[in-house]
Protein chains: 2
Amino acid sequence: MVLCDAPRPRNANATRQAILEAARERFCSDSYDDVGMRDVARDVGVDAALISRYFGSKEDLFVAVLDSCKNGRDLMDGPREDFGERLAREIVYGEVMPCQDDGQNEGAGAKMRGLLILLRSVGSAKAMDVMQRTSNNRFFDPLAAWIGGPDAPVRARLAAGLIMGMAIGRELSDGYSSLGETQKAELARRMAGALQGLIDN
Amino acid sequence: MVLCDAPRPRNANATRQAILEAARERFCSDSYDDVGMRDVARDVGVDAALISRYFGSKEDLFVAVLDSCKNGRDLMDGPREDFGERLAREIVYGEVMPCQDDGQNEGAGAKMRGLLILLRSVGSAKAMDVMQRTSNNRFFDPLAAWIGGPDAPVRARLAAGLIMGMAIGRELSDGYSSLGETQKAELARRMAGALQGLIDN
DNA sequence: TCCGCTTGTCAACGCCTGATGACAAAGCCA
DNA sequence: TGGCTTTGTCATCAGGCGTTGACAAGCGGA
């Protein structure tokens, strides 16, 4: 993706960071199993062996990527009363997947990056080990805290479930392409209402 | 799983069926990538080469398994006014995964088998090819037809999204083990209400 | 200028996967 | 009984994977 013919300056920190960002992009758009060390290395313009040296194993790299994300917290950027509509628009219309922005700074696809990574690798046994151990702290708990009010953990699960499921539905049906424009609008409207209801109630 | 020391009687049709059922179980509980031909073969007590002979490729086997499921239609078994509660109980409390019943006949885990397979292999690029081509006909359209009423396709997407997302959430947090019993009850209650609202409205 | 540490490359290893084609055994028919 | 088709096994292949250790190249300090 980001091939660069000019020789990379010798800078371990920058290279490490570049690997991390390339891996983050890959894990956003492909599942754990479908992401190869050689792919990531090629994106950076570096040899695959270097990744092993810097990060240890592929699993360690995956953990480092998860740690490098704001994991769900960017869901909560923006006014609270817009939450439902914001998310619904992003999923129904937006360029949710793949995300191809430049790392730390949040672009259009930057939202929900951690969530995307979770989604992509649901089902991969190895990735699941990692995610099960961390998804509570990493994702559900902050969301519940942000939501607040009675039964916040429960409502957070429901909201997260709806978001994840709709994101998957989008994947399964190729961006809801079988729905007409009015239907997509209706879908966004209803989803926004359902989500906002979970936040407000 | 179903190892059998007695030599299997030479019966191509029965063997083919046994392979299909073993593969269905595997694809229910593991992702496309994590299911190996040798695993399936071992379950049946047969050599892996036989699967290639009978089904062609692994992808063909996967398609055959999807075809052999009632794909989502079992979601609609039972009274319509119970839909929300039935699904919510199954996801929050039930033995949703893995399903280990005997094929055609529906047991506790038989519900949503096609849906489970979709979920498991979301993210696997190869499986996604297959599923994208068929998930509309196979899953969303029947659900929309069953739901009926205004914006049925839209409401079907939302219902399916909520179901899938909650099933994933269950996976991610190991059966909602971090929630107390009262919270789980509240989760089921709210999810049932949300689902039923999508069906009825 | 030479040394030594860092940064990166290269070739290879062991392992696992899905798939293939040659071969063995069972059953059927004459 | 002998031959033929069906059913299943076995050894093997090519290809991909993550990972490793030996080596090359850059670079700062004496």
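Reminder, nothing fancy here: chain letters follow the sequence lines and each chain counts from 1. Keep in mind it's a predicted model, so treat the numbers as computed, not measured.
- A residue-by-residue look at A:E59 and B:L50 shows that B:L50 has its nearest nucleotide of DNA chain D further toward the 5' end.
- Remark: the A:D60 side chain and the A:S57 side chain contain an N/O donor-acceptor pair separated by less than 3.5 Å.
- To the nearest angstrom, C1' of D:dT6 lies 16 Å from CZ of B:R16.
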Pairs: protein N or O with nucleotides 24-30 of chain C N or O, under 3.5 Å:
residue : atom : partner : partner atom : Å
C:dA26  : N3   : B:R10   : NH2          : 3.4

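- Contact annotation for B:A12: backbone-only contact, meaning every heavy-atom pair under 4.0 Å involves sugar-phosphate atoms and none involves a base.
- Between A:E90 and A:R86 no salt bridge is recorded (no basic side-chain N to carboxylate O distance below 4.0 Å).
- Across C:dA19, D:dG8, D:dG18, the shortest atom-to-atom separation from the side chain of B:R53 is found for D:dG8.
- No side-chain donor-acceptor contact under 3.5 Å links A:R89 to the backbone of A:A188.
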Q.
side chain to side chain contact (heavy atoms under 4.5 Å, CB included), that's the test. Do B:R120 and B:E171 meet it? Break it down for me.
A. CA-CA 10 Å; B:R120 285 293 182 197; B:E171 287 282 290; 2.7 Å; yes
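- Cation-pi geometry between B:K126 and B:F62 is not satisfied (NZ or CZ under 6.0 Å from the ring centre, within 45° of the ring normal).
- At whole-Å resolution of the value, CG in A:D33 and C1' in C:dT17 are 12 Å apart.
- A:F140 carries A:R157 over the face of its six-membered ring, with the cationic atom under 6.0 Å from the centre and within 45° of the normal.
- The cationic atom of B:R170 (NZ for Lys, CZ for Arg) does not lie both less than 6.0 Å from the six-membered ring centre of B:Y93 and within 45° of the ring axis.
- Taking atom CZ of residue B:F62 and atom C1' of nucleotide C:dT17, one finds them 17 Å apart after rounding to whole Å.
- Shown here is A:E85, whose CD atom has no more than 12 heavy atoms of other residues, nucleotides or ligands within 6.0 Å.
- Listed for the B:N11 side chain is a donor-acceptor partner under 3.5 Å among the backbone atoms of B:A14.
- In terms of modelled atom types and a separation under 3.5 Å, the side chain of B:R80 and the main chain of B:I147 share a donor-acceptor contact.
- Checking the phosphate oxygens (OP1, OP2) of C:dT7, no side-chain nitrogen or oxygen of A:Y54 falls inside 4.0 Å.
- Contacts between residues 121-133 of chain B and DNA chain D, defined by a heavy-atom separation under 4.0 Å, are absent.
- Atom-to-atom, CZ of B:F55 to P of C:dG18 comes out at 15 Å; the value is rounded to the nearest Å.
- Rounded to whole Å, the distance from CG on B:D60 to C1' on C:dT20 is 16 Å.
- Side-chain N/O atoms of B:T15 include one lying less than 4.0 angstrom from OP1 or OP2 on D:dG8.
- Which of D:dC10, D:dG18, C:dT17 sits closest to the side chain of B:R38 comes down to C:dT17.
- Out of D:dT19, C:dG8, C:dG18, the shortest distance to the side chain of A:M37 is found at D:dT19.
- When each of A:V46 and B:D39 is assigned the nucleotide of DNA chain C bearing its nearest heavy atom, the one mapping closer to the 5' terminus is A:V46.
- Atom-to-atom, CG of B:N13 to C1' of D:dT6 comes out at 13 Å; the value is rounded to the nearest Å.
- For the pair B:I51 CD1 and C:dG18 C1', the interatomic distance rounds to 11 Å; values are reported in whole Å.
- Which of D:dG21, D:dT9, D:dG18 sits closest to the side chain of A:A49 comes down to D:dG21.
- Whole-Å rounding puts the B:Y32 OH to C:dT17 P distance at 14 Å.
- Among the heavy atoms of the strands lying under 4.0 Å from A:V35 are primed sugar atoms or P, OP1, OP2 only; no base atom is included.
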